[in-house]
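What follows is one structure encoded as structure tokens, with my remarks underneath.
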Amino acid sequence: MNNFSRRNFLKAVGIGGAATLTSFGCAANGTATATRNAKVIVIGGGSGGATAAKYLKRFSTEMDVTLIEPNATYYTCYGSNWVLGGNAEMDDIAQTYDALQSRHGVNVVRDSVMEVDPASRTVTTSSGETMNYDRLVMSPGIDFRYDAVPGISAADSERIPHAWKAGAQTRLLRQQLEAMPDGGVFVMVAPGNPFRCPPGPYERASMVAHYFQREKPRSKIIILDNKEAFSKQGLFMEGWEQHYGDMIEWVSSSRGGQVEEIDAANLRTISDGGFTEFKADVLNYIPPQTAGKIAMDTGLADGFWCPVNQLTFESTIHPGIYVIGDSSVAGAMPKSGHSANNQAKVAAAAIVRDLGGEEPLSPSTANTCYSLITPEHGISVAAVYSYQDGTIAGVEGAGGVSPMDAPASVRRQEALYTQGWYDGITADIWG
């Protein structure tokens, strides 16, 4: 995709996809009476949940919308790799809920949900409060399957961080990288598909290499991967060779990247039936993933993820509950913040129309994923989706990916777009 068309693409989808849903807002105006007394609860204040709460109020200002989120500050996973690379601080990826409450009229409750009863349509929080809902939006993100690999448990994350939920884990991994001696080895174990943010591990390797190049140039990065290929692989490898030489080594599943055991005490990974081992000075284990715990506890999952009607994101297991973001099965859409943002708008519009007795409309959605290889070398992939034959499918010929062998000026421009995308989407979600 050339630069002109990429700018037009971002403008067309309103960076967060708002333009694709303009017709929903118009349709919702006639439902004000029907939704005036409706109570909608949103669980989770990340990219999906915060967007859903905001757009429910935008589509129906009379609706009673409550967002339940335990944290006063939300740190975005996208952008957290920049903190690890030393070109951003934690405050740069911090979002609050002030505007949702003061500007948009969302009732923000700082608490954790302990139980959802789909039969009685109630939510019980850790403080003991029970709330009724007419519709529920669940955006619980991910949890981890530590039982997938012997030798490591969730308790080990205080020493072997995943840093796949931004915040304290990001700080911990950053501190470990700073304390690592020059000439040390950083080993990352990348998860299998599907997982949150497909290009994320490889941007992380890039940003850590950027930090090492400045501060610890004799150090080494090893990515152990149980996949044979990864998102934007050609672009990443081209950038690694250009900027970092042989500092980054990617090990595919068939070459020993499929980790079968972890010796947590000694920061050692074991593959190939014990024939292949890697010893780390800093070990970053990103476990296989599953839908968020509250979704699993509520019985919304079939296996590890939550099936939904992909036209509306209403659960196919429990009516009246809408599952969006990383926890949902969303056809061709990847598990990303941009996807969650788009899905939230679809679900919000579907709820308003449903409460008003109207049929759902079939929207177009989009995903854009930017990655930094250096602070001045950006790459991206973009896609447009539509609802086709019961599933969300990519629109042929829409979207695009950064070209290979592009000049430095194009890569710098993409890096600027990366920050622009971040500023735009976070304003759309929490602003």
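In what follows, residues are counted from 1 in the order of the sequence shown. These numbers come from the heavy atoms of this one structure, side chains and all, not from hydrogens, waters or symmetry mates.
Ring pair F59/Y55 is perpendicular by interplanar angle, where above 60° counts as perpendicular and below 30° as parallel.
Enclosure of atom CD in Q169 by more than 12 non-hydrogen atoms of other residues, nucleotides or ligands within 6.0 angstrom is indicated.
Side chain to side chain, Q95 and T76 fail the donor-acceptor criterion of an N or O pair below 3.5 Å. Side-chain polar atoms of S386 and Q388 form a donor-acceptor pair below 3.5 angstrom. For the 3.5 Å distance criterion, the side chains of K345 and T51 fail to qualify, holding no donor opposite an acceptor. Side chains of S271 and Q258: a donor-acceptor N/O pair is absent below 3.5 angstrom, by distance only. A side-chain donor from one of D117 and S120 sits under 3.5 Å from a side-chain acceptor of the other.
A ring-centre distance under 6.0 Å is found for F144 and H162. F230 and Y202 have their aromatic ring centers within a separation under 6.0 angstrom.
Summarising the geometry of H318 relative to S315, their closest heavy-atom pair is N-OG, 3.0 Å, with the distance given to 0.1 Å. A pairwise comparison of heavy atoms in N132 and I41 identifies O-CD1, 3.7 Å as the closest pair. Listed here is the closest heavy atom pair of F278 and G256: CE1-O, 4.3 Å. Here the closest non-hydrogen pair linking C77 and W164 is SG-O, 3.4 Å.
K165 has a carboxylate O that lies under 4.0 Å from a charged side-chain N of D143, or vice versa, which qualifies the two as a salt bridge. Ion pairing between D263 and K279 fails under the 4.0 Å rule for side-chain N and carboxylate O. With respect to the salt-bridge test (charged N to carboxylate O, under 4.0 angstrom), the residues D147 and R145 do not qualify.
V106 is not listed as a side-chain neighbour of Q101, based on a closest heavy-atom distance of 4.5 Å or more. Side-chain contact between D225 and W250 is present, with heavy atoms from C-beta onward closer than 4.5 Å. Under the 4.5 Å side-chain criterion, counting only non-hydrogen atoms from C-beta, F195 is in contact with K227. P161 places a side-chain heavy atom less than 4.5 Å from the side chain of Q176. Side-chain contact between I379 and I373 is present, with heavy atoms from C-beta onward closer than 4.5 Å. Using a 4.5 Å heavy-atom threshold, the side chains of W82 and R204 count as separate. The closest side-chain heavy-atom distance from M247 to W240 is not below 4.5 Å. Contact check for I222 versus I248: no side-chain heavy atoms found under the 4.5 Å cut-off.
Judged by distance alone, with hydrogens and angles left aside, the side-chain atoms of H338 form no donor-acceptor pair with the main-chain N or O of W421 at under 3.5 Å.
Partners of T316 under the side chain to side chain contact (heavy atoms under 4.5 Å, CB included) rule, at least two apart in sequence or in another chain, are P307. Residues passing the salt bridge (charged side-chain N to carboxylate O under 4.0 Å, His left out) test with R196 are D326, sequence neighbours excluded.
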